[in-house]
Each structure stands twice: as structure tokens, then as C-alpha cells.
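Quick notes on the structure that follows.
If you're wondering where the values come from, they're calculated on a predicted model, not measured in any experiment.
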2 protein chains.
Amino acid sequence: MATRTDAPTRREQILKEAARLFAERGFHGVGVDEIGAAVGISGPGLYRHFAGKDAMLAELLVGISGQLLTGAKQRLKEADGVAAGAVLDSLIEGHIDFALDDRPLITLHDRELDRLRDSDRKLVRQLQRQYVELWVAALREVYPVLAEPAARSAVHSVFGLLNSTPHLGRVGSLPGRGTTATLLHRMARGAFAAAAGAE
Amino acid sequence: MATRTDAPTRREQILKEAARLFAERGFHGVGVDEIGAAVGISGPGLYRHFAGKDAMLAELLVGISGQLLTGAKQRLKEADGVAAGAVLDSLIEGHIDFALDDRPLITLHDRELDRLRDSDRKLVRQLQRQYVELWVAALREVYPVLAEPAARSAVHSVFGLLNSTPHLGRVGSLPGRGTTATLLHRMARGAFAAAAGAE
DNA sequence: CAGGGAGGTTAGCGGTCGTTAACCTGAAGG
DNA sequence: CCTTCAGGTTAACGACCGCTAACCTCCCTG
């Protein structure tokens, strides 16, 4: 996958700023005028790029879920034949990268899903479900003791743990990205091991 | 502490329904008419009990933070002289009880804080900070290896793990409250142990 | 060099929402 | 029995918000 070097399109600028604002003040708490102002144009100008405010949220949430799922599938493909534990580690690593690099999106991800049109919400839910099932399978490969319901609960809980990055204070106060990533990774593995420990 | 048997006051009914609605659709996504309808009166009738919509949210959030902090202090007092691990277990147990019994409140707790007036938000933040510091101290009692910043990050992450209960599907699909509580407790301990493991 | 589309602008409409005003009612109490 | 007041009601106001309409201005292209 070639790294993008070209300038972001206006659509992408808008999506990025909208994500930040939605994460900060909630979908209903942000007006289109503010989103426009954040990219240097005025409110109604946004309608040259999106059908409406809902469409921005939909594109963000579908994008997030799709990106997580695609990334996970990619990692699973690359990790063919390696130890089960390494596969799980790779999933964890991918999720942590995302949680640390796109904190506004992580916030939106589990906060504004209900604001979507029915069809979009179903799509996002389906992508999320697939992502979860990838984790559940990888987890049970490592810990066959875990029954499926317990494994699913454990995965959701670890998502909660990894997605706590927005609560870890502003970027400056963190002990450094690498340190935080390592800590989160260890804790996730520890939580999984404990979940399987005394089943 | 005597268990309440008397009927809930109207104020309490309103707060409970408001919490549920705010958690479901967000603070800005719920109208006062809906909150009124949920308790059988009409919108403006609420103003006999609260100064405004903001006041309901404020009372909810301050109540949550205060309740968590008070409960934790109580548990610390009762657990005087016992092993450090047992103290940490008691904190975890208290938080899990809260997360499982008051899921709407847990959702509000880290989602709508920014909608508060400055003074209320500062109060809530202060209560939350005290609560976190109680945990950090208890955690470092068990794992003295953990430096304070790492301990604080670990605590926030475990909160994320424990507060994931709203994502665990509707109550019916859970494997039973006790089972879930035990699983969460084990995972929290496992995450803490791993955080301290290779410091 | 016409012209047409991409991407802006401002004005304004229609609906919603929080809040207030004015009024009503039933029960308690001297 | 009259008063008072807690706790409702409906009507309506003002602000805000998403969105559309109408118009403008480059820039690209045949």
C-alpha cells in the first residue's frame, strides 16, 4: 500500500474536522456553520461536497468500521501459518495504532452510532460484528478453553480497554506513544489470559 | 445503610428516565417533552422540579461521580488492615456493581461531561480525579513497581474495560450477571498484573 | 473566446427546542 | 369554608439549526 503524499482533498479536510468536532461536542452539538468554518468555508458550502450533515457522520462511521475490518483481514492474511499468539498480537497492535492515531474517530465509533439512518447503522453494525468475530476466532485459537460467549464478552471488554485512549489525557501528558502502546498491549494480553485462566 | 423501600419521588423518576434517554440518544438528542412524557407529564411540567434541562444533566453527573467516590471511600474504610490485594479487589467489585446496575449512568459518565456548565464540570472532574487517585494508590500498594504515570494510565484503561458493559449486548444475552461480573473482575486483575509485569 | 461546471457566497424558510407566562385543580390546614 | 400552594396544563415566544434558492466567480476546455 503506497503511502499518500498528495494534499488532502476538500472532502477529506471536511471529514477530518467534522470528526474532531463531533467527538468534542457530539453530533447534535455541532452546527454545519462550525464545520464549514473549520475548513475555511461557510456552512452551506458543505453541501457541494456532502448531501447533508447526516451523510458526513455516515461516511465517517462506515469508514472507521471498514478500515478496522480491512486492516484486520490484511493482518490475518499476512500472518498465515504463524503462531496463534502472534496473530492475536497483530490484531491488538493494529487496534492500538488506530486508537492512538485517530482518537476522535475512536470516540465517534461507539458514541454516535445511533444517530445514523437505519440502513447505514445496519451496515456499520455488520462491519463491527465481522471485526469482532475475527477477534473471537483468533482469541479462541489461543485459548480454546474459552467458550464463545465468554470470548465475545472478553473481546468487547478489551475493546473498551484499548479505546480508553481518549481518556488518557492530552497527548502531551502521555509518557510517549511507544510506551503507551506497549502498556496497552500488555494489559490487553493480560486481560485475555485472565479471562481464560479460571474458566 | 438502610435499603430504601418508600416509593421514588417524582424528581427521582425524572432523573432516572432522563438518564436512560440521555444515554440512548445523547443530551442534545432528547427533548424536554420526551423526558416529561416518560414520567407521564408534559414538557414544561419538568420546570416545577428542575431549573432546566442542563440542571438535570448536572445533577446526574455530579451524583454519579459522588456516588462512585463515596462508595470507594467507604470500602477503603471497611478494608482497614486487610491485604492490599483485597483492597484492590473491593474497589473493582464496587465499580463492577455500579457498571452492571446503572448502565445508562455509566454511559453518561464519560460521554456528556462536556455539556456541563463550567462550574459543574470542574466539580465532576474533581470528584473523578479523587476517585482515580484512590485507585492509583491502591494499585501501587499491590504493585510498587508501577510508576505513578503508568499506574494512572492503567487505571483509566481498566475503567474502559469495566465500563464496556453497555456494549455487552442487551441484558438477556448476557451469560448471567454473576458470571459476567466474575469475568470482568478476572480481566481487570489480569490487566493490572500485566501492566506491572514487565515494567 | 464563448461557455459551462466546480465551488463558493448570502438570504431566508421551516421546523424544532428550551423556556416562560398564564391559568387550572385538588388537597391540606387554620 | 376559604386560602394556599404544590404540581400540573396549554399557548406562545425567541433562538437556533439544517437546508435550499439564487447568485457569483473563477478556471478549464472545445
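Separating the NE2 atom of H49(A) from the P atom of dT9(C) is a distance of 9 Å, rounded to the nearest angstrom. If you measure from atom CZ of F50(A) to atom P of dG7(C), you get 12 Å, rounded to the nearest angstrom. Between D33(B) atom CG and dA12(D) atom P the separation is 16 Å, expressed in whole Å. Straight-line distance from the CE atom of M56(A) to the P atom of dC19(D): 8 Å, rounded to whole Å. Here the P atom of nucleotide dT20(C) and the CZ atom of R48(B) are 11 Å apart, to the nearest Å. When rounded to the nearest whole Å, the span between CD1 of I41(B) and P of dA6(D) equals 16 Å. Between the CG atom of L46(A) and the C1' atom of dG7(C) there is a distance of 12 Å, rounded to whole Å. The distance from atom CD1 of I35(B) to atom C1' of dG8(D) is 17 Å, rounded to the nearest whole Å.
Aromatic ring orientation, F192(B) versus W135(B): tilted (interplanar angle from 30° to 60°).
Residue S42(B) has its side chain nearest to dT10(D) when only dT10(D), dG8(C), dT20(D) are considered. Considering only side-chain atoms of K53(A), the nucleotide from dT10(D), dG18(D), dG8(C) that sits closest is dG18(D). Of the candidates dT19(C), dG8(D), dT20(D), the closest approach to any side-chain atom of V32(B) belongs to dT19(C).
Remark: D54(B) does not engage R115(B) in a salt bridge, criterion side-chain N to carboxylate O under 4.0 Å. Taking the charged nitrogens against the carboxylate oxygens, R189(B) and D89(B) do have a contact shorter than 4.0 Å, which makes a salt bridge.
For the pair R10(A) and dG8(C), the criterion of a side-chain N or O lying under 4.0 Å from OP1 or OP2 is met.
E78(A) and Q74(A) are linked by a side-chain donor-acceptor pair at a separation below 3.5 angstrom, with hydrogens and angles left out of the test. In this model, a donor atom of one side chain and an acceptor atom of the other lie less than 3.5 Å apart for S119(B) and R117(B).
V30(A) comes within contact range of the sugar-phosphate backbone alone, with a heavy-atom separation under 4.0 Å but no base atom that close. Among the heavy atoms of the strands lying under 4.0 Å from G45(B) is at least one base atom, whether or not backbone atoms are also near. If you check every strand for non-hydrogen atoms under 4.0 Å, G43(B) touches nothing.
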